[in-house]
Amino acid sequence: MMDKTYNPKDFEKRIYNNWLKQKKFACNLQDKRQKYSILMPPPNITGHLHVGHAMNHTLPDIYARYKRLNGFDVEWVPGTDHAAIATEAKVVDKLAKQGIKKDDLTREEFEQEMQIWYKENGEFILNQLKALGIMADWDELCFTRDEVRNNAVNYAFVELWKRGYIYRGERLTNWCPKCNTSISDIEVEYKEKNAKLYYIKYQVVNSKDYLIVATTRPETLFGDLAVAVNPNDERYKQFVGKKVVLPIVNKEIPVIADEYVDVSFGTGALKVTPSHDINDYNLGKKHNLGFLQVINKDGSLNELCGKFKGLKGQDAREKVANYLQQIGLLIKAEDYTHNVGCCERCKTPVESLITEQWFVKMDEIAKRTKQHIDNNEVNIRPDFAKSKLYTWLTDVQDWCISRQLWSGHRIPVYYCEDCGEVYASMQPCACPKCKSQKYHQDPDVLDTWFSSGIWPISTLNWPNIGERFKKYYPFDLVISARDIITHWIARMLFMCIEFEGKVPFYNCITTGLIVDEQGRKMSKNLGNGIDPLDVIQNYGTDALRYALVYGGSLDSDTRFGFTAADNARKFINKIWNASRFVEMNILDKQILPLEKCNLQLADKWILSKLNDVVKKVTKLMNNYDAGLALIELHDFAWLTFCDYYIEFSKPNMQSNDQSIINTTASVLKYVLGEILKMLHPFIPFVTEEIYTNLFNSSIMDAQYPKVNKEWNYKEECEQMDSIMEITRAIREIRTEYKVENKKILNANIFVRKTKDNLAENILYLQTLTQTKIAEVNTQNANAGEMLITTPYYLVFLNGSEVVDVNAEKARLENEIQKTDVELQKLKSIMANAGFVSHAPQAVIQKYTKQIKEYEDKIQQLNSTIKQL
RNA sequence: GGAGGUUUAGCUCAGCUGGUAGAGCAUCUGCCUUACAAGCAGAGGGUCAUAGGUUCGAGCCCUAUAACCUCCACCA
């Protein structure tokens with residue numbers, strides 16, 4: 001027997017361990033059923049998982065379980081990501097707390113520290129994932145830096161090398177002086193900062209005139225190679241082609257003209273520092289100014305800056321500005337706020353530096369990828385995510401893949417120390433040109449997204465194409481947070497298309513953020529983050545999953561908080577109690593297949609409603625709208641099954657006819673079973689617990705509900721609608737007149753439509769409304785004090801003991817008025833000639849019928865008032 | 001600066017190919033009715049962001065505006 005109270009802690013862990021023991025999650029290469037494979041976005045092992053991760057792993061689990069119940073051979077490949085730069089930053093911080101600097105260690109020693117971190121955090125994260133209840137194939141667990149994945153990375157690199165897509169070049173790159181590495185554009189985040197805009201005099205050579213240049217970074221002036229003005233700027237036309245004297249350095253630099261310069265900003269004159277600013281870099285290249293680097297990799301000024309050498313950042317800026325003021329070249333400094341690029345990982349403002357880096361040439365690769373997208377080979381949801389991806393591919397720059405870090409995949413490029421040959425190789429090997437054994441490997445490591453980009457194939461052991469690869473590739477589904485669509489989704493697409501010639505997944509669902517109850521992004525600063533383990537501890541895994549998914553749509557962010565978790569638990573508790581009701585009531589009953597049952601009116605009704613919900617939910621699930629499907633399930637389970645069907649079942653369970661009792665028990669059990677199966681993907685534990693109790697088998701081996709065409713009982717549903725309408729009306733009367741629920745009201749019924757199930761109707765009515773139907777009349781309407789009208793019945797409630805006539809008159813008149821408002825609305829629509837001639841017949845018929853019903857109702861109410 | 005998203009009840013959100021505005025939560029009222037007080041029953045509450053347009057008919061389609069959010073770009 002089930003416990004009286006729902007307590008998830010009693011069974012969630014036990015059930016998960018059972019599933020693991022029974023290998024419920026493992027794939028089976030012999031399985032001939034259709035496959036459904038899912039790719040897990042590998043969480044970074046920088047720290048612990050937050051609720052955003054929880055949702056992005058719960059959603060695929062929902063589809064995994066849904067597909068499994070639908071008879072697919074599901075393979076969900078799990079793994080974690082080493083997140084090169086992010087994790088290295090964490091380990092550097094950790095060491096710093098112990099007073100150790102990265103440079104104090106050798107590369108090998110540092111690597112050992114990394115491995116310790118990987119192990120500790122990796123295990124924690126895996127336990128978090130398991131606590132979420134996900135059915136990933138743990139036997140196939142991957143890590144982006146394990147041996148198989150490293151092999152895949154090397155292979156991919158060497159292949160790209162052979163195909164001529166990899167080159168080394170000098171580029172202006174974003175450089176983080178703290179992480180001491182170049183970072184890609186998407187690893188730079190812009191933050192608004194307060195600064196000063198300095199106005200500096202540049203004297204025109206052989207003239208008393210000078211140009212005033214506005215800049216936020218006076219310290220870079222040592223690298224200035226020109227001053228640029230707009231060619232249409234009347235103020236400066238005369239100076240174009242002349243030379244000005246660079247302050248402090250006293251070097252002559254040209255004044256150039258370029259459309260790029262914004263006439264309205266600052267003074268309209270721009271100092272051009274090609275080595276330290278991306279726009280200046282472009283200008284410099286265009287005008288062949290050359291390059292002059294004045295900032296070191298640690299962010300300090302170099303020897304070209306004279307006495308300012310060694311100064312960094314704000315300090316350098318202020319000292320240079322002060323000196324300019326001393327020598328009378330600083331006109332003024334204004335307060336100014338602007339966006340400063342900062343390192344996404346360590347928040348330090350980035351420098352633009354020209355460095356030597358490895359790149360992947362993107363133009364051809366991006367073009368081919370776009371063709372696959374154009375062919376609709378991959379379904380990307382929502383649509384705007386697809387266009388975002390497409391735009392990015394259109395404008396994509398060559399991909400800088402080298403990072404000056406110690407942790408990550410070492411770039412498999414070797415330098416021959418004898419002949420200088422540079423070559424790529426899977427393993428260290430002698431120089432292919434001169435056969436020299438004296439060579440060394442490039443010190444840099446690859447951008448973390450390089451290994452993530454081949455994740456779909458590397459997790460299937462690529463480049464070794466085995467049975468598993470053949471069966472499960474491409475994947476059917478990947479679900480990812482939308483903010484990494486260009487970081488990750490795009491790279492998987494072009495890398496995998498490059499190597500395997502087809503898209504790596506057929507469906508790509510991108511989700512918004514999980515935000516707090518006020519719609520704010522969860523962040524450490526706000527302290528509004530929620531630890532999924534806390535929610536699990538207090539509400540259970542099922543409640544967490546339910547709360548994360550319920551009502552969520554792909555288009556917008558999802559709000560999450562403890563209220564949501566609380567509501568989730570209430571719902572699950574409701575299911576728990578409904579199940580207990582069913583369990584108690586099927587005891588000792590003969591449970592029959594439904595086709596052998598003596599189906600009653602309410603049974604036919606609930607089976608029709610079940611059909612409806614199965615249809616809706618299936619459609620939504622197939623469309624990856626799990627959040628909306630869950631709303632449907634909530635409404636059906638609670639409002640339809642619990643609030644009405646269970647109530648209808650009570651009188652039937654008291655029947656004198658044993659076949660009705662057995663039927664009711666059978667339907668109760670059947671419908672609950674179908675509800676559990678549909679809920680299982682969302683709340684796997686409680687559904688398993690209940691299902692095994694009732695059906696003695698694992699719900700994971702059950703079959704998903706299907707629409708049964710036999711159960712289309714339209715007439716019965718209409719009758720039940722009438723009964724529910726009367727029920728609500730009588731309850732309303734009870735509330736209004738403050739009639740105790742216990743008091744049995746007497747009523748007469750006038751049946752307007754001849755029907756077969758009159759006795760049942762009356763049975764349900766009496767039970768749900770606590771009335772005694774004294775008289776049933778099919779000939780004429782007997783008066784009573786209170787009237788309720790429906791298409792099937794007029795109900796006269798004999799309320800003389802509780803109601804005074806005037807109050808009831810007022811109630812009926814109010815009823816008439818409300819009905820009349822609706823009636824007039826419809827009438828005015830119907831009076832419109834345009835409507836009648838244009839609207840579809842079905843709509844006109846519906847309206848006509850409704851008008852008739854309203855008119856009829858008003859008439860009935862009026863005649864009752866007269867008789868009062 | 002560019003692109004996209006959102007705007008419907010106090011709150012969170014549904015609303016199908018245009019056809020009489022929906023649910024949950026919250027609020028108020030009454031109930032310990034033998035599955036469930038983590039519950040049951042009932043009620044109130046909306047100029048569908050604003051202004052135009054198309055249409056017999058607009059929450060839905062079109063145009064403009066506003067507010068908020070996200071991504072991209074990075075004006076020195």
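Below, read A as the first sequence line, B as the second, and so on, with proteins coming before strands; counting in each chain starts at 1. Treat the numbers as computed from the prediction; the structure is a model and nothing was measured. Atoms considered below: every heavy atom in the structure, side chains included; atoms not considered: hydrogens, waters and symmetry mates.
A sub-4.0 Å separation between OP1 or OP2 of B:A38 and a side-chain N or O of A:K574 is absent. Taking only side-chain nitrogens and oxygens, A:R731 comes nearer than 4.0 Å to OP1 or OP2 of B:G42. Applying the 4.0 Å criterion to OP1 and OP2 of B:A35, one finds that A:K650 has a side-chain N or O inside that range. For A:R559, a side-chain nitrogen or oxygen approaches OP1 or OP2 of B:C13 to under 4.0 Å. Under 4.0 angstrom from either OP1 or OP2 of B:A76 there lies at least one side-chain N or O belonging to A:Y336.
When distances are taken from the side chain of A:D635 to each of B:A38, B:A23, B:A35, the shortest belongs to B:A23. Minimum atom distance to the side chain of A:F835 is reached by B:C56, of the listed B:C56, B:A38, B:A76. In the set B:A23, B:C25, B:A35, B:A35 carries the atom at the smallest distance from any side-chain atom of A:C642. The side chain of A:I278 lies closest to B:C74, out of B:G19, B:A76, B:C74. In the set B:G24, B:C36, B:C40, the nucleotide with an atom closest to the side chain of A:W638 is B:C40. Ranking B:U20, B:G39, B:C56 by closeness to the A:H838 side chain, first place goes to B:C56. Of the candidates B:C71, B:A76, B:C36, B:C36 carries the atom nearest the A:N577 side chain, counting heavy atoms from C-beta on. Of the candidates B:C36, B:G42, B:G19, the closest approach to any side-chain atom of A:R728 belongs to B:G42. When the nucleotides B:G19, B:A21, B:A76 are ranked by their closest atom to the side chain of A:F265, B:A76 comes out on top.
Atom CG in A:L628 sits about 12 Å away from atom C1' in B:A23, given to the nearest Å. Here the C1' atom of nucleotide B:C56 and the OH atom of A:Y847 are 11 Å apart, to the nearest Å. Between the C1' atom of B:C74 and the NE2 atom of A:H276 lies a distance of 18 Å, rounded to the nearest Å. Rounding to whole angstrom units, CD1 of residue A:I631 and P of B:C16 are separated by 13 Å. Between the CG atom of A:D820 and the C1' atom of B:U20 there is a distance of 15 Å, rounded to whole Å. Per the geometry, OH belonging to A:Y281 stands 21 Å off P belonging to B:A76, to the nearest Å. Between the CG atom of A:D3 and the C1' atom of B:C36 there is a distance of 14 Å, rounded to whole Å. When rounded to the nearest whole Å, the span between CG of A:N230 and P of B:A76 equals 17 Å.
Base pairing of B:A35 is not made with any nucleotide, judged by Watson-Crick or G-U wobble geometry with both donor-acceptor distances under 3.5 Å. Across every strand in view, B:G22 sits in a pair with B:C13 that passes the Watson-Crick or G-U test at under 3.5 angstrom. Base pairing of B:C40 is made with B:G30, judged by Watson-Crick or G-U wobble geometry with both donor-acceptor distances under 3.5 Å. Nucleotide B:U65 forms a pair with B:A49, judged by Watson-Crick or G-U wobble geometry with both contacts under 3.5 Å. B:A76 is unpaired under the Watson-Crick or G-U wobble criterion, no partner having all donor-acceptor distances under 3.5 Å. Nucleotide B:U55 forms a pair with no other nucleotide shown, judged by Watson-Crick or G-U wobble geometry with both contacts under 3.5 Å. Using N1 to N3 plus N6-O4 or O6-N4 for Watson-Crick, or N1-O2 and O6-N3 for G-U wobble, each under 3.5 Å, B:A3 pairs with B:U70.
A:E732 comes within contact range of the sugar-phosphate backbone alone, with a heavy-atom separation under 4.0 Å but no base atom that close. Here A:E647 lies in heavy-atom contact (under 4.0 Å) with a base. Across all strands shown, A:D277 has heavy atoms under 4.0 Å from sugar-phosphate atoms exclusively, and none from any base. Within 4.0 Å of A:N832, counting heavy atoms only, lie sugar-phosphate atoms of the nucleic acid but no base atom. Among the heavy atoms of the strands lying under 4.0 Å from A:P840 is at least one base atom, whether or not backbone atoms are also near. Residue-level contact check: A:R734 touches neither bases nor backbone, having no heavy atom under 4.0 Å from any strand. Contacts of A:L270 with the nucleic acid, taken as non-hydrogen atoms under 4.0 Å apart, include base atoms. At a threshold of 4.0 angstrom between heavy atoms, the contacts of A:E583 with the nucleic acid are absent. Counting any heavy atom pair closer than 4.0 Å across all strands shown, A:D566 reaches no nucleic acid atom. In this structure, A:I572 reaches neither bases nor backbone, as no heavy-atom distance under 4.0 Å exists between it and the strands shown.
A:E351 places no side-chain N or O within 3.5 Å of a backbone atom of A:I295 that could act as its donor or acceptor partner.
When only modelled atom types and interatomic distance are considered, A:N567 and A:Y550 share no side-chain donor-acceptor pair under 3.5 Å. Side chains of A:K589 and A:T664: no donor on one and acceptor on the other come within 3.5 Å. For the residue pair A:Y199 / A:E334, a side-chain donor-acceptor distance below 3.5 Å is found, with atom types taken as modelled. Looking only at atom types and distance, the side chain of A:Y6 has no donor-acceptor partner in the side chain of A:N577 under 3.5 Å away.
Nucleotides B:A35 and B:C40 place their C1' atoms 12 Å apart, quoted to the nearest Å. Taking the P atom of each, B:G53 and B:G57 are spaced 12 Å apart, rounded to whole Å. For the C1' atom pair drawn from B:G59 and B:U17, the interatomic distance equals 16 Å after rounding to whole Å. A gap of 16 Å separates the C1' atoms of B:G5 and B:C13, to the nearest Å. Using atom P as the reference point in both B:C61 and B:A14, the two lie 15 Å apart (nearest Å). Here the separation of B:C32 from B:U27, taken at their C1' atoms, is 23 Å to the nearest Å. Here, B:A26 and B:A73 have their P atoms 44 Å apart, quoted to the whole Å. Comparing the C1' positions of B:A49 and B:U6 gives an interatomic distance of 11 Å, to the nearest angstrom.
Of all heavy-atom pairs spanning A:S352 and A:H276, the tightest one is O-ND1, 3.0 Å.
No close placement of the A:F682 and A:Y546 rings is indicated, their centers lying 6.0 Å or farther apart.
Checking A:S387 against A:L826, the closest nucleotide of RNA chain B that is more toward the 5' end is the one next to A:S387. Projected onto RNA chain B by closest heavy-atom contact, A:Y854 and A:N573 fall at different nucleotides, the more 5' of which corresponds to A:Y854.
No salt bridge links A:D277 with A:K271; every basic N to acidic carboxylate O contact stays at or beyond 4.0 Å. One finds a salt bridge joining A:D566 and A:R569 here, because a Lys/Arg side-chain nitrogen approaches an Asp/Glu carboxylate oxygen to under 4.0 Å. Taking the charged nitrogens against the carboxylate oxygens, A:E855 and A:K852 have no contact shorter than 4.0 Å, which rules out a salt bridge.
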